[in-house]
Amino acid sequence: MSDVRYKSVLFFGAPGTGKGTQGAILGRVPGFFHLSTGDMFRGLDKESDLGKEFLKYSTQGLLVPDEFTVRLWEQHMQELVDSGDFDPSIHLLILDGIPRTVQQAGMMDSRIEVLKVVHLSCSDDEQMVDRLIKRAKSSGRPDDAKEDVVRRRLEVYRAETKPVLDHYSSGLIAEVNAIGSPAQVLSNVLSVVAPIQAEHFANALA
Ligand code: ADP
């Protein structure tokens, strides 16, 4: 495994705040590479041991254990580097969904260089529950369909994921309002991320 630390922007926020939507849009902009650990897990064969392990937790609204998650993420990144899809010397990595616990953040310190943490925040839980339940109809995700599972995910976010913000220095954290139309939220996200890319380009050319 290479010992390059991937230059990364972390997308951080409760389920339903639009991390995945915004991350995927940004991932289309040249120079960025979007990686969602939810998508990574959902890409596992459901009949495989790993796929079954994932479903065991996600269908209950729980997080997959840290060791398993970080190991799978590392393997996945290595495959993307080997295939040439992700080039750490060019791309800024947008991490959507990881690290999601303080322990994961510690385990990943030697693997990523965090340039910014984009904290998509929404003070209205009911709006997020609503978005997720609506999304279930189109996404077919079992963890979105049941209201009690959605509420559990919000609780887990508050108890296990929110404390990850304290792992990073406050200067790295950008608060972004997640309420508004997708284009409005995108504009909020870009106002934080565009300067990071400009700086990255300037350094790469220097
Ligand atoms: P959302 O942000 O809407 O909850 P995701 O697609 O990011 O959805 O994740 C779906 C599920 O995948 C999570 O509920 C969890 O079970 C699992 N998962 C994703 N990322 C991680 C992670 N970093 N650590 C542990 N579990 C994860």
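Counting convention: from 1, in listed order, for ligands and their atoms alike.
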So if I count the atoms of ligand 1 from 1 in the order they appear, which ones are less than 4.0 Å from some heavy atom of [X]?
{"X": "Ile98", "value": "23 (N)"}
{"X": "Gly97", "value": "20 (N), 21 (C), 22 (C), 23 (N)"}
{"X": "Arg135", "value": "3 (O)"}
{"X": "Arg42", "value": "6 (O), 10 (C)"}
{"X": "Thr69", "value": "22 (C), 23 (N), 24 (N), 25 (C)"}

At a non-hydrogen distance cut-off of under 4.0 Å, which region of [X] contacts ligand 1 (side chain, backbone, both, or neither)?
{"X": "Asp39", "answer": "neither"}
{"X": "Leu63", "answer": "both"}
{"X": "Phe41", "answer": "side chain"}
{"X": "Phe54", "answer": "side chain"}
{"X": "Met40", "answer": "neither"}
{"X": "Met108", "answer": "neither"}

Is the distance between the ring centroids of Phe86 and Tyr6 under 6.0 Å?
yes
Begin with the C-alpha distance, continue with both residues' side-chain angles, and end with the deciding distance and a verdict on side-chain contact (heavy atoms from CB on, under 4.5 Å) for Arg151 and Glu147.
CA-CA 6 Å; Arg151 290 195 187 276; Glu147 188 169 329; 2.9 Å; yes
So between [options], whose heavy atom ends up nearest [atom]?
{"atom": "atom 26 (N) of ligand 1", "options": "Val64, Leu62, Thr17", "answer": "Val64"}
{"atom": "atom 8 (O) of ligand 1", "options": "Arg141, Lys56, Lys19", "answer": "Arg141"}
{"atom": "atom 5 (P) of ligand 1", "options": "Arg100, Gln60, Gln104", "answer": "Arg100"}

Determine whether a donor-acceptor pair (N or O, by modelled atom type, separation under 3.5 Å) exists between the side chain of [X] and the backbone of [Y].
{"X": "Glu53", "Y": "Val64", "result": "no"}
{"X": "Arg42", "Y": "Arg141", "result": "no"}
{"X": "Thr37", "Y": "Gly97", "result": "yes"}

Using a strict threshold of under 4.0 Å (side-chain N to carboxylate O), is an ion pair present between Arg153 and Asp144?
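Yes.
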SB check Lys134 Asp130 (cutoff 4.0 Å):
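Salt bridge present between Lys134 and Asp130.
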Residues that Val192 engages under side-chain contact (heavy atoms from CB on, under 4.5 Å), provided they are two or more places apart:
Lys116, Val118, Ala174, Val176
side-chain contact (heavy atoms from CB on, under 4.5 Å) between Thr69 and Phe41: does it pass, once the steps are laid out?
CA-CA 9 Å; Thr69 300; Phe41 280 127; 3.7 Å; yes
Before signing off on this row, confirm whether Arg153 and ligand 1 have an N or O atom pair separated by under 3.5 Å.
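Arg153 vs ligand 1: N/O contact under 3.5 Å present.
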Look at atom CD of Gln127 and say whether more than 12 heavy atoms of other residues, nucleotides or ligands are closer to it than 6.0 Å.
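More than 12 heavy atoms, drawn from other residues, nucleotides or ligands, come within 6.0 Å of this atom.
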Tell me, which protein residue and heavy-atom name are nearest atom 20 (N) of ligand 1, and how many Å apart are they?
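Of the protein heavy atoms, Thr37 OG1, 2.8 Å lies nearest.
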